[in-house]
Amino acid sequence: NWLARFNLVPLLEQKGADDEATRQLREVVRLRPFLADAHAELGQLLAKSGQAEEGVRELQTAVRQKPVDPDVHYRLGSVLGTLGRADQAAAAFSETIRLQPDNADAHYNLGLALAAQDKVSEAAREFSATVRLRPDDVDASFNWGIALAKSGQIDQAIAAFTKAVQLRPDFAEAREA
């Protein structure tokens with residue numbers, strides 16, 4: 001039964017039985033090839049176990065099957081980001097944001113992907129959006145400061161670093177920036 005297998009996967013992952021979870025998901029995908037959630041779960045699990053390229057392919061299948069699901073695009077962006085494919089990750093995170101504009105994690109990760117491509121002004125905009133959506137996000141404030149400084153907006157960078165230090169007084173990197 002495909003549904004029983006699919007529901008078994010999170011329990012196997014909780015127990016650290018990722019190989020068995022992968023086996024179960026492969027069987028679910030075989031039995032239900034058009035179940036996007038199974039492809040997405042399998043893709044993420046494969047990426048976690050060091051089979052990132054195969055994971056990307058599964059996640060791309062999930063995106064084709066469920067193009068209006070922001071979570072699938074976000075998962076794809078996350079895996080692409082870990083592979084250093086910042087341009088493709090940025091595209092996936094942008095699509096997540098198009099589908100779910102208030103997704104702070106997608107804005108933050110889009111900022112990281114843009115920064116990795118030296119698109120600092122665009123990255124600053126995404127970190128700013130993250131801070132607007134999640135005002136207590138120290139990392140977003142810090143990265144916003146870095147992007148602002150690199151784009152020559154020194155006064156705004158100082159304000160972002162100051163906010164990061166206010167949020168986390170022991171944040172040495174922000175103090176030194």
Side-chain angles (χ1 to χ4, degrees), residues 1-117 122-123 125-143 167-168:
N1 175 315
W2 72 269
L3 185 56
R5 290 174 187 275
F6 189 71
N7 289 328
L8 178 61
V9 169
L11 301 172
L12 292 167
E13 286 183 278
Q14 254 181 352
K15 290 186 67 165
D18 289 351
D19 289 345
E20 180 60 18
T22 300
R23 193 177 73 67
Q24 293 296 332
L25 280 170
R26 286 187 192 281
E27 185 61 14
V28 171
V29 165
R30 187 187 70 73
L31 294 169
R32 290 287 189 265
F34 297 106
L35 185 61
D37 291 340
H39 286 283
E41 287 293 324
L42 179 57
Q44 199 159 11
L45 194 55
L46 288 166
K48 177 182 162 188
S49 68
Q51 300 171 64
E53 289 299 336
E54 187 179 356
V56 167
R57 285 191 296 278
E58 290 295 333
L59 285 159
Q60 288 169 332
T61 298
V63 164
R64 282 191 302 278
Q65 292 177 348
K66 207 171 180 183
V68 296
D69 184 346
D71 181 59
V72 174
H73 291 279
Y74 182 83
R75 289 178 183 205
L76 176 59
S78 296
V79 173
L80 290 166
T82 62
L83 289 171
R85 291 159 57 180
D87 57 333
Q88 294 173 342
F93 291 130
S94 292
E95 185 61 13
T96 303
I97 292 165
R98 187 185 73 74
L99 295 167
Q100 193 175 49
D102 289 342
N103 186 322
D105 291 328
H107 282 284
Y108 181 77
N109 284 297
L110 176 55
L112 293 176
L114 292 167
Q117 299 174 75
E122 295 172 51
R125 238 186 353 265
E126 296 306 321
F127 293 131
S128 172
T130 306
V131 170
R132 178 181 50 79
L133 294 166
R134 222 174 24 218
D136 294 338
D137 190 321
V138 176
D139 294 325
S141 293
F142 178 69
N143 283 302
L167 291 170
R168 190 186 321 149

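Given the structure is predicted, the values throughout are model-derived calculations rather than measurements.
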Seminar exercise, completed: Shortest non-hydrogen pair, H39 vs V29, comes out as CE1-CG1, 3.2 Å

Seminar exercise, completed: What one should report as the nearest heavy-atom pair of A115 and A123 is N-CB, 3.8 Å

Exercise. Do other residues, nucleotides or ligands put more than 12 heavy atoms under 6.0 Å from D19 CG?
Worked result: no

For this session: State whether K66 and D71 are salt-bridged, where the test is any N-O pair (Lys NZ or Arg NE/NH1/NH2 against Asp/Glu carboxylate O) under 4.0 Å.
Result: no

Exercise. Should E95 and L76 be marked as a side-chain contact (heavy atoms from CB on, under 4.5 Å) after you check the CA-CA gap, both sets of side-chain angles, and the distance that decides it?
Worked result: CA-CA 11 Å; E95 185 61 13; L76 176 59; over 6 Å; no

For this session: Could you tell me which non-hydrogen atom of L45 sits nearest to which non-hydrogen atom of A21, and how far apart they are?
Result: CD2-CB, 3.6 Å

Side chains of residues 10-17: which donor-acceptor partners sit under 3.5 Å, not counting sequence neighbours?
none

For this session: For side-chain contact (heavy atoms from CB on, under 4.5 Å), just list the numbers for D137 and V131, CA-CA rounded to whole Å, side-chain angles, deciding distance to a tenth of an Å, and then say yes or no.
Result: CA-CA 6 Å; D137 190 321; V131 170; 5.5 Å; no

For this session: Please confirm whether the backbone N or O of P33 pairs with a side-chain atom of Q65, one donor and one acceptor, at under 3.5 Å?
Result: yes

Problem set entry | Criterion side chain to side chain donor-acceptor pair (under 3.5 Å) on T61 and R64, from CA distance to verdict | CA-CA 5 Å; T61 298; R64 282 191 302 278; 3.1 Å; yes

Exercise. Counting N and O atoms only, with roles assigned by atom type, does the side chain of H73 sit under 3.5 Å from a partner on the main chain of P67, one being a donor and the other an acceptor?
Worked result: yes

Seminar exercise, completed: Between L25 and A38, the two heavy atoms sitting closest are CD2-O, 4.1 Å

Exercise. Any sub-3.5 Å donor-acceptor pair from E126's side-chain atoms to G111's backbone N or O?
Worked result: no

Exercise. Checking side-chain hydrogen bond (donor to acceptor under 3.5 Å, both in side chains) against K48, which of T82, D18, T22 comes through?
Worked result: D18

Exercise. Say you draw a straight line from CG of L8 to CZ of R23; how long is it, rounded to the nearest 0.5 Å?
Worked result: 9.5 Å

Exercise. How long is the gap from CD on Q117 to CG on L112, to the nearest 0.5 Å?
Worked result: 11.5 Å

Exercise. Got a salt bridge between R26 and E54, using NZ or NE/NH1/NH2 to carboxylate O under 4.0 Å?
Worked result: yes

For this session: Identify the two heavy atoms, one from A40 and one from A62, that lie closest to each other, and give their separation to 0.1 Å.
Result: N-CB, 3.8 Å

Exercise. Which ring pair (Phe, Tyr, Trp, His ring centres under 6.0 Å) pairs, counting each pair once, include a residue from residues 83-107, with sequence neighbours left out?
Worked result: Y74-F93

Seminar exercise, completed: Between A89 and G81 the two heavy atoms that sit nearest each other are CB-N, 3.7 Å

For this session: List the steps, then state whether side-chain contact (heavy atoms from CB on, under 4.5 Å) holds for D105 with R134.
Result: CA-CA 9 Å; D105 291 328; R134 222 174 24 218; 2.8 Å; yes

Exercise. Rounded to the nearest 0.5 Å, how far apart are CG of N103 and OG1 of T96?
Worked result: 6.5 Å

Exercise. What is the distance from atom OH of Y108 to atom CG of D139, rounded to the nearest 0.5 Å?
Worked result: 4.5 Å

For this session: Could you check D37 against D69 for side-chain contact (heavy atoms from CB on, under 4.5 Å), going step by step and ending with a plain yes or no?
Result: CA-CA 10 Å; D37 291 340; D69 184 346; 4.2 Å; yes

Exercise. Quick one: CG on L133 to OG on S128, what's the gap to the nearest 0.5 Å?
Worked result: 9.5 Å

For this session: Identify, with sequence neighbours excluded, every residue that meets ring-ring contact (aromatic ring centres under 6.0 Å, His included) alongside F6.
Result: none

Exercise. Roughly how far apart are R5 CZ and R30 CZ, rounded to 0.5 Å?
Worked result: 8.0 Å

Exercise. Does a side-chain N-to-carboxylate-O contact under 4.0 Å join R75 and E58?
Worked result: no

